[in-house]
Each structure stands twice: as structure tokens, then as C-alpha cells.
Amino acid sequence: GKAGRPVSDPTTLNDPKYRRLTEILRDLGRAAVAFSGGVDSTFLAAAARDALGSDNVLLVTAISETYGPRQQGDARRLAPLGRCRLGPAR
């Protein structure tokens, strides 16, 4: 299967579902992605960056009792890898 392939993998970029996702994102023009630093939000952030460019993507993390310092640190460490801005949601 295709699980585990990096977003930059040519077979992922040519996957019909991935192409459809980037088309939907492109139609938005700009996007804010709820970003935890986990696999799903990291994938969506990368797809948004591919579709919109990093200047048009804001990664937003929660600040709450259920989203602790470790998770916030993970998000802060991963956000620069996608060259996207990271901001808190309060």
C-alpha cells in the first residue's frame, strides 16, 4: 500500500486522492490547519503547503489542559520543517 510514503514521494503526489485534496485546498486560497504535530495534521499541513505555498498556510495549535507542553513542543519543532507559520489558538 501507500501508507508511510512521504508526501514528496512522486507516487503520493500523483495519487488521485492526494490530487483531489490539493485541488480543494487550492480553491481555498489560504488555510489554517489545526496542527498537533501528529501524523494526520503533519500530512494535512504538508498538503496545504504543496497546494498553497507556505506563506498562505497558518498552523494553529491548541493551548489547553488536554494539550500539554510535550505536544506543544512537538508542534513547535515540526512546524519549521514545513516552512509554515505556527500560532496558538486560545
* Roughly how far apart are R30 CZ and L58 CG, rounded to 0.5 Å? -> 8.5 Å
* Asked: Roughly how far apart are L44 CG and L21 CG, rounded to 0.5 Å?
  -> 6.0 Å
* Please name the pair of heavy atoms, one in A34 and one in S41, separated by the smallest distance, quoted to 0.1 Å. => O-CB, 3.4 Å
* Asked: More than 12 non-hydrogen atoms from neighbouring residues, nucleotides or ligands closer than 6.0 Å to CG on D27, yes or no?
  -> yes
* **N56 side, atom CG; L25 side, atom CG - distance, nearest 0.5 Å** => 11.5 Å
* Least distance between heavy atoms, T22 atom then A47 atom -> CG2-O, 3.9 Å
* **Pairing of E23 and R20 as salt bridge, 4.0 angstrom limit** => yes
* To do: Report the distance from atom CZ of R19 to atom CD1 of I24, rounding to the nearest 0.5 Å.
  => 13.0 Å
* Of all the heavy-atom pairs spanning A46 and Y18, show the shortest one and how long it is. => O-OH, 4.2 Å
* Asked: What pair of heavy atoms forms the shortest contact from A48 to V33, and how long is it?
  -> CB-CG2, 4.2 Å
